[in-house]
Amino acid sequence: MTYRQLYEYGVKKLEEAGVEEAKLDARLLLEYICHTDRNTLLVHGDSERNAMEEQFYHMCIEKRASRIPLQHITGEQEFMGLTFRVNEHTLIPRQDTEILVEEGMRHMFDGMRILDMCAGSGCILLSLLKYSNECEGTGVDISKEALKVAEENAERLGLKAEFIQGDLFENLPDMKYDMIISNPPYIETAVIETLMPEVREHEPIQALDGMEDGLFFYQRIVEKAGGFLTKGGWLLFEIGYNQGEAVRELMKKQGFQNIEIVKDYAGLDRVVLGQFI
């Protein structure tokens with residue numbers, strides 16, 4: 001089959017399976033297998049592909065048609081201009097989370113100490129370390145498997161970070177941080193069943209489930225964060241679109257000041273941050 005014929009086969013199969021971005025995913029999988037780029041379809045669409053590429057592409061399209069996330073097939077996701085390894089033990093980094101990292105960068109200074117709570121693949125912490133000077137970073141997650149992925153990402157990016165397994169603050173050493181940043185589980189338990197199958201069936205539930213009202217982990221983190229922050233240190237959260245005011249109130253009750261709610265590119269509340277004074 002030619003490159004274009006393979007692509008058209010992939011689009012048809014994914015559209016039949018109800019995959020929303022069938023054309024994009026079919027192209028990205030073809031590029032992943034053939035080590036090509038987006039121009040190949042336009043310029044070399046009539047080039048013949050070998051039997052091994054064809055067979056591998058069919059296998060990957062079948063996986064995607066069964067609603068396995070694209071990133072779990074390729075094993076990678078781009079985030080903040082960097083490539084991160086991901087698998088079924090980690091959340092797939094999303095563009096919305098880049099807003100959280102950008103807000104973190106806005107409040108960074110050289111040599112600061114950063115704590116990433118619920119670190120997952122490490123994409124938040126490692127992005128901050130990559131784009132800063134001489135900062136120290138610690139990532140915490142309850143999942144040992146997720147932290148293995150984070151450690152591998154640190155090694156691939158040539159970055160040094162400490163990763164600690166534990167339930168939030170329980171295993172942290174007695175030290176202070178200049179910034180605590182977190183994308184905790186924040187989806188209400190009842191809502192999880194309504195999520196797309198790619199998320200509901202393939203991403204780790206413990207990284208999604210924010211309990212009954214979605215605020216469980218925000219409350220736990222806010223209550224203890226002051227004991228781990230330096231004076232003037234920042235606490236930053238990614239939030240769900242309807243959680244801004246609730247998280248602001250939690251932070252206000254614990255004495256945080258200069259609290260801001262930051263919107264994403266769709267105009268929805270996405271980040272809450274405040275300063276420990």
Inset, instruction - Answer yes when Glu152 and Arg85 have at least one side-chain N-carboxylate O distance shorter than 4.0 Å, and no when they do not. - result: yes
Legend entry - salt bridge (Lys or Arg N to Asp or Glu O under 4.0 Å) assessment of Glu103 paired with Arg270: CA-CA 11 Å; Glu103 286 302 310; Arg270 182 58 57 189; over 6 Å; no
Legend entry - Distance, nearest 0.5 Å, that separates CE of Met117 from CD1 of Ile142: 11.5 Å
Inset, instruction - Compare all side-chain heavy atoms of Ile99 with those of Val262 and state whether any distance is below 4.5 angstrom. - result: yes
Legend entry - Side chain to side chain, Glu31 and Arg27, heavy atoms closer than 4.5 Å: yes
Legend entry - CD/Glu212: more than 12 non-hydrogen atoms of other groups inside 6.0 Å: no
Inset, instruction - Determine, for Glu198 against Arg64, whether the closest basic-nitrogen to carboxylate-oxygen distance falls under 4.0 angstrom. - result: yes
Legend entry - Non-hydrogen side-chain atoms of Thr90 and Glu145 separated by less than 4.5 Å: no
Legend entry - Short N-O contact, Lys148 and Glu151, less than 4.0 angstrom: no
Inset, instruction - May I ask you to decide if Gly122's main-chain N or O and Asn153's side chain share a donor-acceptor pair within less than 3.5 Å? - result: no
Inset, instruction - Run the numbers on Ile92 and Glu203 for side chain to side chain contact (heavy atoms under 4.5 Å, CB included), then give the verdict. - result: CA-CA 8 Å; Ile92 296 167; Glu203 296 202 62; 3.9 Å; yes
Inset, instruction - Please step through side chain to side chain contact (heavy atoms under 4.5 Å, CB included) for the pair Leu115 and Leu172, ending with a clear verdict. - result: CA-CA 10 Å; Leu115 173 64; Leu172 280 176; 3.7 Å; yes
Inset, instruction - May I ask you to check whether over 12 heavy atoms, not counting those of Arg38, lie within 6.0 Å of atom CZ? - result: no
Inset, instruction - Is it possible for you to say whether Leu268 and Leu100 belong to one hydrophobic cluster, with membership spreading through side-chain heavy-atom contacts below 4.5 Å? - result: no
Inset, instruction - Of all the heavy-atom pairs spanning Ile180 and Ala225, show the shortest one and how long it is. - result: CD1-O, 3.9 Å
Inset, instruction - State plainly whether one hydrophobic cluster holds both Phe169 and Leu236, where clusters connect Ile, Leu, Val, Met, Phe, Trp and Tyr through side-chain heavy atoms under 4.5 angstrom apart. - result: no
Legend entry - Pair Thr189, Asp209: side-chain N/O donor-acceptor within cut-off below 3.5 Å: yes
Legend entry - Distance-minimising heavy-atom pair for Val191 and Thr194: O-OG1, 2.6 Å
Legend entry - Sub-4.5 Å side-chain heavy-atom contact between Glu88 and His202: no
Inset, instruction - Answer yes or no: are there more than 12 heavy-atom neighbours, outside Gln5 itself, under 6.0 Å from its atom CD? - result: yes
Inset, instruction - With side chain to side chain contact (heavy atoms under 4.5 Å, CB included) as the test, would you mind laying out the steps for Cys135 and Asp178 before giving the verdict? - result: CA-CA 10 Å; Cys135 290; Asp178 302 298; over 6 Å; no
Inset, instruction - State plainly whether one hydrophobic cluster holds both Leu229 and Leu125, where clusters connect Ile, Leu, Val, Met, Phe, Trp and Tyr through side-chain heavy atoms under 4.5 angstrom apart. - result: no
Inset, instruction - State, yes or no, whether a side-chain contact exists between Met251 and Val272 at a heavy-atom distance under 4.5 Å. - result: yes
Inset, instruction - Spell out, yes or no, whether Val222 and Phe217 are grouped together once hydrophobic residues are joined by side-chain heavy atoms under 4.5 Å, including indirect joins. - result: yes
Legend entry - SB check Arg4 Glu8 (cutoff 4.0 Å): no
Inset, instruction - For Tyr131 and Met105, run side chain to side chain contact (heavy atoms under 4.5 Å, CB included): C-alpha distance rounded to whole Å, both residues' side-chain angles, the deciding distance at 0.1 Å, then the answer. - result: CA-CA 8 Å; Tyr131 297 122; Met105 291 170 66; 3.8 Å; yes
Legend entry - Check: Thr36 main-chain N/O paired with Thr40 side-chain donor or acceptor under 3.5 Å: no
Legend entry - Glu102, CD: over 12 other non-hydrogen atoms inside 6.0 angstrom: yes
Inset, instruction - Measure the CD-CD distance between Glu249 and Gln219 for me, rounded to the nearest 0.5 Å. - result: 12.5 Å
Inset, instruction - Please report the shortest heavy-atom distance between Leu126 and Ser121, naming the atom on each side. - result: CD1-O, 4.4 Å
Legend entry - Donor-acceptor contact present, side-chain Gln55 to main-chain Met52, <3.5 Å: no
Inset, instruction - Measure the spacing between CE of Met80 and NZ of Lys130 and express it to the nearest 0.5 Å. - result: 12.5 Å
Legend entry - Validation row: Phe84, Arg156 side chains within 4.5 angstrom (heavy atoms): no
Legend entry - Electrostatic pair Lys12-Glu16, nearest N-O below 4.0 angstrom: yes
Inset, instruction - Please round to the nearest 0.5 Å and tell me the distance separating atom CD of Glu20 and atom CD of Glu15. - result: 12.5 Å
Inset, instruction - Supply the atom-to-atom distance His89 NE2 to His72 NE2, rounded to the nearest 0.5 angstrom. - result: 9.5 Å
Legend entry - Under 3.5 Å donor-acceptor, Gln275 side chain and Gly232 backbone: yes
Inset, instruction - May I ask you to list the residues sharing a hydrophobic cluster with Leu28, side-chain cutoff 4.5 Å, ordered by chain and number? - result: Met1, Tyr3, Leu6, Tyr7, Tyr9, Val11, Leu14, Val19, Leu24, Leu29, Leu30, Tyr32, Ile33, Leu41, Phe56, Tyr57, Ile61, Ile68, Leu70, Ile73
Legend entry - Min side-chain heavy-atom separation Val101-Phe79 under 4.5 Å: yes
Inset, instruction - Step through the shown structure and confirm whether more than 12 heavy atoms of other residues, nucleotides or ligands are within 6.0 Å of NZ on Lys176. - result: yes
Legend entry - Spacing of Lys224 atom NZ and Glu170 atom CD [to the nearest 0.5 Å]: 9.0 Å
Legend entry - Heavy-atom closest pair, residues Gln206 and Pro185: O-CG, 3.3 Å
Inset, instruction - Mind listing the closest non-hydrogen atom pair of Ala266 and Asp264 along with its distance? - result: N-OD1, 2.9 Å
Legend entry - Whether Arg200 side chain and Leu195 backbone form a donor-acceptor pair below 3.5 Å: yes
Inset, instruction - Starting from the C-alpha separation in whole Å, work towards a yes-or-no answer on side-chain hydrogen bond (donor to acceptor under 3.5 Å, both in side chains) for Glu238 and Tyr186. - result: CA-CA 9 Å; Glu238 178 171 333; Tyr186 61 72; 3.0 Å; yes
Legend entry - Heavy-atom check, side chain of Val199 versus side chain of Leu208, under 4.5 Å: yes
Inset, instruction - Please report the closest heavy-atom contact between Ser182 and Ile221, naming both atoms and the distance. - result: OG-CD1, 3.7 Å
Inset, instruction - Indicate if Leu157 and Phe163 have the same hydrophobic cluster label, given that clusters are the connected sets of ILVMFWY residues with side-chain heavy-atom separations under 4.5 angstrom. - result: yes
Inset, instruction - Decide if the gap between the ring center of Phe237 and the ring center of Tyr218 is smaller than 6.0 angstrom. - result: yes
